[in-house]
Amino acid sequence: MAARTVCQMLQRRLASSAAAARLSSAELRSHRSALFSKEQARQRALFPRTEKIEVTLRGPGLQGTLLVMNRGVSTPHSCTRHLTEWHVMSSALALVDGQPWHMHRPLTRSCDLTLLTFKDEDPQIVNQAYWRSCAALLGHVLDGAFKDEFSVELLKIPEVPVTAGAFCCDLVLDSRLDSWTPTEESLRSFTRDALQLVQKDLPWEPLDVSPSVALEIFSHSRCKQEEVEERAAQSQNGTVSLYRCGDHVTLSGGPLVSRTGLCSQYEVTCIHTVGESAWGVRRRAQGLSLPMNLTANHTVWRKLRKRAERLVEIPSSSTVTPPPIAEAPPTAPPPLQ
């Protein structure tokens, strides 16, 4: 049984590798987003009747406020629209019965709801979600930053504390880019792309799916399929958490903040080569950001940026060795679009 499972996994990855060679990065993003929308619509159809739930708000100025909302449709963000514009714009994350909950995740039962902001007395939970979101945003940028003939494999996003000084996104580029070294102009280009996404104020859309759905969505990515299997094995309910921003779909081990517009300052500071991995030359892109209403002056920002340039050391985790891949020619034209 175990041998058959391994064979099936290897066959799936070999097939996905061949399929990936036929699709551009833009086509892959469109494919994943379409499957995300299909599953999202299917889940919404599970609540055909309007059933009411009671949402009791907790927190300063809201203690005991009761809202009657729609089960499976209303979200914490929906609840903020019954309050004030400040709650709509400032709420980054929620607690539902004490558990972290994305602002756009539908509520499925009567519950206590606490809205979290960056100005809370203890912002640790929302700060970590923000750091995770900044890393996911960096992955969004890198996924579309190179010419279509070059593959970009986004690895599992490292979970690093805010105290590390930088958020991280690990990736493996096309083997033809093994000798590529990012210039300051490359980093500025990545930063500009990120700030464009911030200015668009795009929502991070959450969706919990079964492993089979996640494997279909990432059918063209061998390492993402491995991550799906790992996260499903670690999940208490066997599901996998996906998030979509624009047409970019990613996996996440924890909740993200509600939208890209919550970023105030954002900069891609460096890309380090951290050694060989089962997938190829592993690189670690790092960045620095501050959320809305928490800006820093130029002097402080320069000091923070200097720190964010240092490599963030992360203990390596064991991975399944993928099947061998034929090496591409060593020469390469300029990689950035």
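All residue numbers refer to positions in the sequence shown, counting from 1. Just so it is clear, the model here is predicted, and its values are computed rather than measured.
- Using a cutoff of 4.0 Å between basic side-chain nitrogens and carboxylate oxygens, Arg284 and Glu313 are not scored as salt-bridged.
- Between the Ser189 side chain and the Glu185 main chain, no donor and acceptor come within less than 3.5 Å of each other.
- Criterion: ILVMFWY side-chain heavy atoms under 4.5 Å apart, direct or through other members. Under it, Val274 and Ile271 are not part of a common hydrophobic cluster.
- Considering only heavy atoms from C-beta on, Met292 stays 4.5 Å or farther from Lys119 through its side chain.
- A donor atom on one side chain and an acceptor atom on the other are not found under 3.5 Å apart for Asp178 and Ser175.
- When atom types are taken as modelled, the side chain of Ser219 and the backbone of Glu216 share a donor-acceptor pair closer than 3.5 angstrom.
- The cluster map of Ile, Leu, Val, Met, Phe, Trp and Tyr, joined by side-chain heavy atoms under 4.5 Å apart, puts Leu116 and Trp101 in different clusters.
- For the pair Thr273 (side chain) and Gly275 (backbone), a donor-acceptor distance under 3.5 Å is absent.
- Proximity of Ile53 to Cys111: side-chain heavy atoms (C-beta onward) are nowhere separated by under 4.5 Å.
- Contact record, Leu155 with Cys223: CD2-SG, 3.6 Å, taken as the closest heavy-atom pair.
- Remark: side-chain polar atoms of Thr269 are paired, donor with acceptor, to backbone N or O of Ala308 under 3.5 angstrom.
- No more than 12 heavy atoms of other residues, nucleotides or ligands lie within 6.0 Å of CZ in Arg81, so this atom counts as exposed by the packing criterion.
- Closest non-hydrogen pair, Cys263 versus Cys134, comes out as SG-SG, 4.2 Å.
- For the pair Val172 and Gly280, the tightest heavy-atom approach, listed with the atom from each and the gap, is CG1-CA, 3.9 Å.
- The backbone N or O of Asn293 lies less than 3.5 Å from no partner atom in the side chain of Ser264, so there is not a single donor-acceptor pair.
- Side chain of Asp193 to main chain of Phe190: no donor-acceptor pair is present (N/O by atom type, distance under 3.5 Å, no hydrogens or angles).
- Two residues are said to be in side-chain contact when any heavy atoms from C-beta on lie closer than 4.5 Å; Lys306 and Glu309 meet this criterion.
- Two residues are said to be in side-chain contact when any heavy atoms from C-beta on lie closer than 4.5 Å; Glu276 and Val281 meet this criterion.
- Under the 4.5 Å side-chain heavy-atom criterion for grouping Ile, Leu, Val, Met, Phe, Trp and Tyr, Val198 is connected to Leu304 within one hydrophobic cluster.
- Here the closest non-hydrogen pair linking Ala94 and Leu113 is CB-CD1, 3.6 Å.
- Taken to the nearest 0.5 Å, the CG atom of Asp208 stands 7.0 Å off from the OH atom of Tyr243.
- Within a 6.0 Å sphere centred on CD of Glu51, heavy atoms belonging to other residues, nucleotides or ligands number more than 12.
- Ring orientation note: the planes of His220 and His31 are nearly perpendicular, at an angle over 60° on the 30°/60° scale.
- In this structure a side-chain-to-backbone donor-acceptor pair under 3.5 Å is missing from Gln40 to Leu207.
- Remark: the Ser33 side chain and the Ser30 side chain contain no N/O donor-acceptor pair separated by less than 3.5 Å.
- If you take CG on Leu195 and CZ on Arg188, they are separated by 13.5 Å, rounding to the nearest 0.5 Å.
- When atom types are taken as modelled, the side chain of Asp174 and the backbone of Phe150 share no donor-acceptor pair closer than 3.5 angstrom.
- Linking Ile, Leu, Val, Met, Phe, Trp and Tyr whenever their side-chain heavy atoms come within less than 4.5 Å leaves Leu115 and Leu95 in two separate clusters.
- Ring geometry for Trp180 against Phe146 counts as perpendicular: the plane angle is over 60°, on a 0 to 90° scale with 30° as the lower cut.
- Of all heavy-atom pairs between Pro255 and Leu93, the closest is CB-CD1, 3.8 Å.
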Under 3.5 Å, which donor-acceptor pairs link side chains of residues 60-77 to any protein atom two or more places apart or in another chain?
residue, atom, partner, partner atom, Å
Gln63, OE1, Gly59, N, 3.3
Thr65, OG1, Leu62, O, 2.9
Asn70, OD1, Lys52, NZ, 2.5
Arg71, NE, Thr108, O, 3.1
Ser74, OG, Asn70, N, 2.9
Ser74, OG, Asn70, O, 3.4
Thr75, OG1, His77, N, 3.3
Thr75, OG1, Ser78, N, 3.1
Thr75, OG1, Ser78, OG, 3.1
Thr75, OG1, Met103, O, 3.3

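- Residues Leu242 and Leu251 are in side-chain contact: their nearest non-hydrogen atoms beyond the backbone lie under 4.5 Å apart.
- Electrostatic pairing of Glu230 and Lys156 counts as a salt bridge here, judged by a charged N lying under 4.0 Å from a carboxylate O.
- At least one donor-acceptor pair under 3.5 Å links the side chain of Asn297 to the backbone N or O of Val300.
- Annotation for Gly165 and Trp131: closest pair C-CZ2, 3.9 Å, computed over non-hydrogen atoms.
- Side-chain contact of Ser241 with Arg231: a donor-acceptor pair under 3.5 Å is absent, judged by distance alone.
- Note: Asp201 CG to Thr260 OG1 = 5.5 Å, rounded to the nearest 0.5 Å.
- The local environment of CD in Glu54 is sparse, with at most 12 non-hydrogen atoms from other residues, nucleotides or ligands closer than 6.0 Å.
- Side-chain atoms of Val126 and Thr117, non-hydrogen and from C-beta on, never get closer than 4.5 Å to each other.
- To the nearest 0.5 Å, atoms OG (Ser91) and CG (Leu262) are separated by 9.0 Å.
- A donor-acceptor pair under 3.5 Å links the side-chain atoms of Gln286 to the main chain of Arg310, judged by distance alone.
- Side-chain heavy atoms closer than 4.5 Å link hydrophobic residues (I, L, V, M, F, W, Y) into clusters, and following such links, even through other members, never connects Met89 to Leu197.
- Note that SG of Cys168 and CG of Leu311 are 8.0 Å apart. Values are rounded to the nearest 0.5 Å.
- Put simply, the side chain of Tyr266 reaches to within 4.5 Å of the side chain of Leu137, judged on heavy atoms.
- A side-chain N or O of Tyr130 and one of Ser289 form a donor-acceptor pair less than 3.5 Å apart.
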Check: Could you go step by step and tell me if Ser252 and His102 meet the side-chain contact (heavy atoms from CB on, under 4.5 Å) rule?
Finding: CA-CA 12 Å; Ser252 180; His102 192 274; over 6 Å; no
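- Interatomic distance, Lys224 NZ to Ile217 CD1, rounded to the nearest 0.5 Å: 12.5 Å.
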Next item on the list: May I have the step-by-step check of side-chain contact (heavy atoms from CB on, under 4.5 Å) for Phe218 and Glu227, ending in yes or no?
Entry: CA-CA 10 Å; Phe218 292 107; Glu227 184 180 347; over 6 Å; no
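- In this pair, His140 and His248 present their aromatic rings parallel. The plane angle is below 30°, not in the 30 to 60° band.
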Margin query: Run Gln43 and Glu39 through side-chain hydrogen bond (donor to acceptor under 3.5 Å, both in side chains) and show every step you take.
Written below: CA-CA 6 Å; Gln43 291 189 18; Glu39 175 63 14; 2.9 Å; yes
Next item on the list: Evaluate side-chain contact (heavy atoms from CB on, under 4.5 Å) for Ile157 paired with Thr250, printing each intermediate quantity in order.
Entry: CA-CA 9 Å; Ile157 295 177; Thr250 188; 4.2 Å; yes
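- Residues Leu290 and Trp301 are in side-chain contact: their nearest non-hydrogen atoms beyond the backbone lie under 4.5 Å apart.
- No side-chain donor from either of Glu229 and Gln225 sits under 3.5 Å from a side-chain acceptor of the other.
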Checklist line | side-chain contact (heavy atoms from CB on, under 4.5 Å) between Asn127 and Gln124, worked out | finding: CA-CA 5 Å; Asn127 282 348; Gln124 181 177 352; 5.8 Å; no
